[in-house]
Amino acid sequence: MSGFAKKTVRDIDVRGKRVFVRVDFNVPLTDTGSVADDTRIRESLPTIRYLQEQGARVILGSHLGRPKGPDPKLSLRPVARRLEELLNAPVAFAEDCIGAPAFAVVEALEPGAVALLENLRFHPGEEANDPEFAKALAALCDVYVNDAFGTAHRAHASTEGIARLRPAVAGLLMEKELRYLGELVESPPRPFAAVVGGAKVSTKLGAVRRLLEKVDRLVIGGGMANTFLAAQGISVGRSLIETDLLPAAREILADAERRGVLVALPVDVVAAPSLEAEGEARVVPAQSIPDDLMALDIGPGSVEAFRRALEGCKAVVWNGPMGVFERPAFAKGSLAMANVIAGLEAVTVVGGGETVALVSQAGLQGRFTHVSTGGGASLEMLEGKVLPGVAALLDKDS
Ligand code: ADP
Ligand code: MG
């Protein structure tokens with residue numbers, strides 16, 4: 001297996017050391033302020049448990065939401081409570097992520113014990129990657145671990161600044177994410193297919209262009225397919241399209257043809273007069289979407305065409321729902337494709353915030369090889385970008 005060239009927690013001595021772990025505990029909260037979905041907390045447990053077993057003093061830092069300064073509604077305290085349940089051990093909580101409150105908590109940590117710091121984004125220095133704030137975080141620890149893949153595409157103080165001040169390595173979740181996504185784009189088993197969807201072409205243009213250089217087959221569904229249909233001169237009624245991207249869509253289709261990449265676009269769609277008019281939804285051919293309707297899902301003919309396009313593939317990367325799956329009338333295409341991809345005898349990797357939500361709503365996460373925890377970060381990796389939070393970590397051979 002190729003690819004993963006960064007040191008991990010397994011490559012350094014952490015015994016007795018104060019280890020700052022940047023985790024992604026940006027979890028959804030309920031109205032009453034408890035953790036609504038603890039997936040992200042559970043994803044970080046392998047790294048935390050490994051460090052505990054090694055006798056490290058574990059200091060966890062995360063952001064939660066987008067606070068503008070301290071905000072009790074975005075406190076990480078409820079996360080500390082859930083983490084205690086999951087670890088079956090006490091988790092100390094520091095009222096502030098830097099300064100005296102943080103020091104007091106860290107000083108009291110025994111080897112193998114765990115503390116969680118308050119929301120890093122209560123300080124504007126976090127997102128500004130302020131060197132002083134990074135220094136204040138670094139003062140708490142001897143070693144830095146980044147396990148927050150979902151934030152690794154941002155150069156913030158806790159993802160980038162601090163990594164320059166302490167020996168910096170990847171956590172086990174970070175390692176797993178980089179392995180699966182990295183290997184898939186570097187040396188995929190073939191045939192290799194990409195399935196892309198979601199609302200817009202614009203947010204995924206870079207990824208689609210780069211994937212085109214790597215894949216054998218490209219399946220395009222969801223809202224972004226409308227722009228590709230329109231680029232071929234097909235009238236798409238009132239569907240969402242990005243007129244300024246019609247030339248880019250044409251270029252992608254021409255490039256695919258030059259490269260011999262098979263492109264599959266919807267042959268039928270579920271259309272309705274508006275998002276709200278779920279009762280009026282009907283299947284129409286993609287070639288003749290009525291002027292007063294908008295395409296909001298792929299139809300059963302498209303699912304069948306996409307299934308055939310993916311037949312025999314040995315690797316599939318999927319990013320972007322096939323329709324407005326948040327509404328039951330427009331969810332069938334996405335659910336059907338989730339089952340089609342999950343059913344392949346192939347390496348299957350899913351990324352993208354909404355796509356992952358769809359897969360877990362359908363209870364299918366266990367049927368994919370890897371479900372990425374990072375939306376934007378996974379997309380940037382597919383684009384071939386180097387994530388600043390990864391670049392800052394020690395190289396394996398250093
Ligand atoms: P991800 O977060 O998985 O990367 P995106 O953010 O690109 O996915 O897109 C997800 C959104 O795309 C969903 O909220 C869905 O409602 C929307 N979407 C999918 N198909 C359509 C469509 N045909 N028209 C409008 N919106 C769509
Ligand atoms: Mg999204």
Side-chain angles (χ1 to χ4, degrees), residues 26 28 39-40 66 149-151 153 177 181 194-208 210-211 219-230 234-243 245 249 265-278 281-284 286 289-290 293-299 302-303 306 316-338 341 348-362 364-365 368 370-383 385:
N26 184 27
T39 308
R40 286 182 166 157
R66 298 179 164 272
F149 174 72
T151 329
H153 59 313
E177 291 275 9
L181 285 164
V195 179
V196 293
K200 292 179 174 180
V201 181
S202 50
T203 54
K204 299 191 178 166
L205 193 59
V208 173
R210 174 124 191 296
L211 282 168
V219 171
I220 306 174
M224 76 153 74
N226 301 323
T227 300
F228 283 90
L229 292 170
I234 295 168
S235 153
V236 294
R238 296 182 42 241
S239 306
L240 172 96
I241 69 162
E242 289 166 285
T243 318
L245 289 181
L265 280 163
V267 295
D268 60 359
V269 297
V270 178
S274 72
L275 255 180
E276 292 71 33
E278 287 183 72
R282 58 190 164 101
V283 176
V284 298
I289 301 172
L293 299 187
M294 54 205 313
L296 294 165
D297 191 11
I298 58 170
S302 302
V303 172
F306 291 178
V316 178
V317 60
W318 175 26
N319 185 300
M322 297 289 105
V324 183
F325 72 95
E326 294 89 342
R327 292 177 180 259
F330 311 118
K332 288 192 201 81
S334 298
L335 291 170
M337 283 310 293
I341 299 167
T348 53
V349 175
V350 186
E354 265 85 25
T355 317
V356 169
L358 161 82
V359 163
S360 48
Q361 266 171 41
L364 292 171
Q365 60 276 59
F368 293 87
H370 180 62
V371 178
S372 177
T373 55
S378 67
L379 209 56
E380 291 201 12
M381 274 202 71
L382 294 178
E383 283 175 52
K385 289 190 185 156

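Since the structure is predicted, the reported quantities are computational estimates derived from the model, not experimental observations. Both backbone and side-chain heavy atoms feed into the values below; hydrogens, waters and symmetry mates do not. Each ligand, and each atom within it, is numbered from 1 in the order the structure gives.
Of the possible polar contacts, none joining the N226 side chain to the I241 backbone as a donor-acceptor pair under 3.5 Å is found. With S239 contributing its side chain and A295 its backbone, the two residues share a donor-acceptor pair below 3.5 Å. No donor-acceptor distance shorter than 3.5 angstrom exists from the side chain of E383 to the backbone of G206, with no hydrogens or angles considered. Side chain of S334 to main chain of G323: a donor-acceptor pair is present (N/O by atom type, distance under 3.5 Å, no hydrogens or angles). D268 places no side-chain N or O within 3.5 Å of a backbone atom of V283 that could act as its donor or acceptor partner. Side chain of Q365 to backbone of V371: no donor-acceptor contact under 3.5 angstrom is found.
Using a 3.5 Å distance cut-off with no hydrogens or angles, the side chains of S372 and E177 do pair a donor with an acceptor.
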Would you mind writing out a table of all protein N or O atoms found under 3.5 Å from any N or O atom of ligand 1, naming both atoms and giving the distance to 0.1 Å?
residue  : atom   : partner : partner atom : Å
ligand 1 : 2 (O)  : G353    : N            : 3.2
ligand 1 : 2 (O)  : E354    : N            : 2.8
ligand 1 : 2 (O)  : E354    : OE1          : 2.6
ligand 1 : 3 (O)  : E354    : N            : 3.3
ligand 1 : 3 (O)  : T355    : N            : 2.8
ligand 1 : 3 (O)  : T355    : OG1          : 2.4
ligand 1 : 4 (O)  : K204    : NZ           : 3.0
ligand 1 : 4 (O)  : N319    : OD1          : 3.4
ligand 1 : 6 (O)  : E354    : OE1          : 3.0
ligand 1 : 7 (O)  : K204    : NZ           : 2.8
ligand 1 : 8 (O)  : K204    : NZ           : 3.4
ligand 1 : 9 (O)  : A199    : N            : 3.3
ligand 1 : 12 (O) : A199    : N            : 3.0
ligand 1 : 14 (O) : E326    : OE2          : 2.4
ligand 1 : 16 (O) : E326    : OE1          : 2.7
ligand 1 : 16 (O) : E326    : OE2          : 3.4
ligand 1 : 20 (N) : G223    : N            : 3.1
ligand 1 : 23 (N) : G223    : N            : 3.4
ligand 1 : 23 (N) : A295    : O            : 3.1

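The Mg ion (ligand 2) has E354 OE1 as its protein N, O or S neighbours under 2.8 Å.
You'll find the side chain of E242 stays beyond 4.5 Å of the side chain of M224, heavy atoms only.
Between W318 and the options I341, V356, V196, a side-chain contact (heavy atoms from CB on, under 4.5 Å) holds for only I341.
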